[in-house]
Structures are given as C-alpha cells and as structure tokens.
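All ligand and atom numbering here is 1-based and tracks the order in the structure.
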Amino acid sequence: MVAIKACIFDLDGVIVDTARHHFAAWKSLADELVISFTEEDNERLKGVSRVDSLDYILQKGNLVLDSAKKLQLMEKKNMLYLEMAASTAPTDVLPGVVSLMDEMTASGIKIGLGSSSKNAQSILDKLHLTSRFSTIVDGNNITLSKPDPEVFLKAAAAMDVAPENCLVIEDAQSGVEAAITGGFYAIGVGKGLESAHAQLENLEGLTIERISNLLQ
Ligand code: B16
Ligand code: MG
C-alpha cells in the first residue's frame, strides 16, 4: 500500500489550461523570427523555463542573438502570454481539480505547487486557489528547470514529506522525468507520458482511492 502524504500539482496543463497560451505566445514570436514552431515542439517545451524555451526556438532556427535581444524577446513573449491569460477566472480550473484537492485536504494530504512558471502566483490568485496550498514553488524559486527535480524536491522539503511519500501530477514530459528522477510517484495527464507510474486523460473523477489503485 502506497502511503501518500502530499501531492504536488503542476500548474500549466494540470490545474488550468494556460499551456495553450504559452503555445500561442511562442508561436507568434517564432513566426516573427521566421522559425517554424509546431505542436510537437510545444510538447517538448511544456514545463521548460522561459529562457530554455527561447534557446530551443533560436537553436531550431540557427539564430544566435545577444543577451539583450534575448531578454527583449522573452519580455515580449511574456507580455503576449499575460494578455492571453488576463481573463483567467475560477471557472477555468480544470474538471476534477477542486474535488480532488477537497478530498486530499480533508484526509490530511498536504497540497503543494511545483511549477516552472514565474507567473504561477498570479494565475493561482486569478483561480482563487492560493489558500489551498501548503507550499508554492515556482520559476522564481528555482535555479534549474524541469527535467531537473529541484522544483519538486523544494516543495517536498517545504512540506516536510519525503519524495517516496509524495505524488506529482504533471502534463509535461520534462515534469514526469523530473518527478521520477527525484524519487516521487508520478501521474501523467495527457499523452506520451509512459514513464509516469500512471497516465490519465484528465483529472475528472479522480479520487484518493483511485490514485491508490493506480499506484499499486
Ligand atoms: P513563464 P508549468 C511552465 O509551467 C510551462 O509549462 C511552460 O510552457 C513555460 O515556459 C514555463 O512554465 C515558464 O513559464 O514564462 O510563465 O515563467 O507547466 O511548470 O506549471
Ligand atoms: Mg505543465
């Protein structure tokens, strides 16, 4: 029997579908730079930091830019993203998230956030979810982005729970890899996340009992 004492949620793509805004913003920037940017590229960038995402796109286009220009492009991408995410509201929380959090809190399972995004706090505020978290670790608190496990290790340490007693819920290949490397249980949401302990299409109807069965 797996003893889960804490659950670390990824943000973009797990709690809310802001992943589509990240894609649209990077796509618009890549179009401007005349670099092709596909859904497949986007899959690889999920969970990856802003700077690493830009480096990936520039490398794809064989484009070398100085750090001032790169900073300018990252600011532009973030402005686009923030414009698109501005209307994010509690009704955008993905199905199944709130009921799972309610059940976990009632059962004494701590809830943490492990996101690469520097915008995580403002998105959680827009969703009215901030008070549900025992700890929030995001792109502002880490030096290495997923697939490095730093973000999850910091969240687990803040909740005083060992990785082997902690579940990570992720939609990104980089995030699942980070969780597995860090010694966590991982549930992947979406496709192509075979290295997770279990894969689900979405969180609708997910309960603690079902999680226990999935992780057996
Ligand atoms: P920002 P997550 C990640 O969030 C996104 O999946 C990824 O697309 C984005 O590049 C990264 O955050 C950085 O976001 O530019 O807002 O700092 O999935 O780890 O919650
Ligand atoms: Mg994600």
- [ ] Quick one: report the N, O or S atom of Asp171 that is nearest to the Mg ion (ligand 2).
- [x] OD1

Task: Shortest-distance N/O/S atom, Asp12 versus the Mg ion (ligand 2) - done: O

Open item on the list: Using a strict threshold of under 4.0 Å (side-chain N to carboxylate O), is an ion pair present between Arg20 and Asp17?
Closed with: yes

Task: Shortest-distance N, O or S atom of Asp10 relative to the Mg ion (ligand 2) - done: OD2

Open item on the list: Tell me whether Asp31 is salt-bridged to Lys27, with the criterion being a basic N under 4.0 Å from an acidic carboxylate O.
Closed with: yes

Task: Donor-acceptor pair between Gln121 and Thr130 side chains, under 3.5 angstrom - done: yes

TODO: Considering only NZ, NE, NH1 and NH2 on the basic side and carboxylate oxygens on the acidic side, decide whether Glu201 and Lys191 come within less than 4.0 Å.
DONE: no

- [ ] Answer yes or no: is there an ion pair linking Asp41 with Lys60, defined by an N-O contact shorter than 4.0 Å?
- [x] yes

- [ ] Decide, yes or no, whether a salt bridge links Glu40 with Arg44 under the criterion of side-chain N to carboxylate O below 4.0 Å.
- [x] no

Task: Sorted by chain and number, the residues that approach ligand 1 to under 4.0 Å with a heavy atom - done: Asp10, Leu11, Asp12, His22, Leu45, Lys46, Gly47, Val48, Arg50, Ser53, Lys77, Ser115, Ser116, Ser117, Lys118, Asn119, Lys146

Task: Side-chain donor or acceptor of Gln199 paired with backbone N/O of Leu193 under 3.5 Å - done: yes

